[in-house]
Amino acid sequence: MKTLIITGGMIEADFALSFIQELKPDYILGVDKGLQFCYEYDICPDYIVGDFDSLPGEILERYRQEGEIPIRTYNPVKDATDTKIALDKALEDGSTEIWILGATGTRIDHVVCNLQILKEAWEKKVPVWIVDSRNKIGLPVEKTFSLKKEEQYGTYVSLFPMGETVEGLTLKGFKYPLDHYQLKDREGLGVSNEITADVADVSWEQGVLLMIQSKD
């Protein structure tokens, strides 16, 4: 099941609407302020979740009055962010692929948190991608994969260890290739690589790899 989470960070309408049309998700979760975007652009979520502390009250009330979509309300004083709760819901419901809109923006603390919560899905071998008009961010679940140059998301591919060393990192078809390299969390070696071959290959042996594809 392909799930889309629309949460309350930065959402660029033109990009988001085009992305949703292309993605064709099977299931949509509207999360807190992300529900405002759904409301304004007639996107019908299948489930609504959040503490709604940043959502205009009349929008939530409209959905409550309609009574067609399940709404789960949380106390603002809680131990998890709204996006984390939505991700847990997506995993519980059997999602096999998850995409998140509204997980980036000016609140860097929320962006960092959104990156950290991806690991739970990674442990369950469920790919999750955070996307905006400039970036595609996620933790690849397979330790060997390929990227086609004609399909890449932008110009640059950056790779980082997620909280630990990535052992045996090998990159082929990149401007800066690597051969069984030990990528540590105290270096910036993986930033701003570029695909030079028609198909680039990535593999590693141990650790959690964070991949960011950027357009500028």
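- Under a hydrophobic clustering in which Ile, Leu, Val, Met, Phe, Trp and Tyr are joined whenever their side-chain heavy atoms come within less than 4.5 Å, directly or via other members, Tyr47 and Phe37 fall into different clusters.
- Annotation: salt bridge (charged side-chain N to carboxylate O under 4.0 Å, His left out) contacts of Arg62 (sequence neighbours excluded): Glu66.
- Shown here are the side-chain hydrogen bond (donor to acceptor under 3.5 Å, both in side chains) partners of Gln213, two or more places apart in sequence or in another chain: there are none.
- The one candidate from Asn193, Leu189, Leu183 that meets the side chain to side chain contact (heavy atoms under 4.5 Å, CB included) condition with Leu178 is Leu189.
- The side-chain contact (heavy atoms from CB on, under 4.5 Å) test applied to Pro177 returns no partner, not counting sequence neighbours.
- Using a 4.5 Å heavy-atom threshold, the side chains of Phe160 and Val166 count as separate.
- Residue Phe19 is grouped with residue Tyr153 when hydrophobic side chains (ILVMFWY) are merged at heavy-atom distances under 4.5 angstrom, including chains of intermediate members.
- Judged as a salt bridge (Lys or Arg N to Asp or Glu O under 4.0 Å), the pairs with a partner in residues 124-144 (not counting sequence neighbours) are, in order, Glu120-Lys124, Arg134-Asp216.
- Under the salt bridge (Lys or Arg N to Asp or Glu O under 4.0 Å) test applied with Glu164, the options Arg186, Lys184, Lys119 reduce to a single match, Lys119.
- For Asp201, the salt bridge (charged side-chain N to carboxylate O under 4.0 Å, His left out) criterion is met by no residue, not counting sequence neighbours.
- Looking at Lys175, its side chain never comes within 3.5 Å of a backbone N or O of Glu194 through a donor-acceptor pair.
- Partners of Asp179 under the salt bridge (charged side-chain N to carboxylate O under 4.0 Å, His left out) rule, at least two apart in sequence or in another chain, do not exist in this structure.
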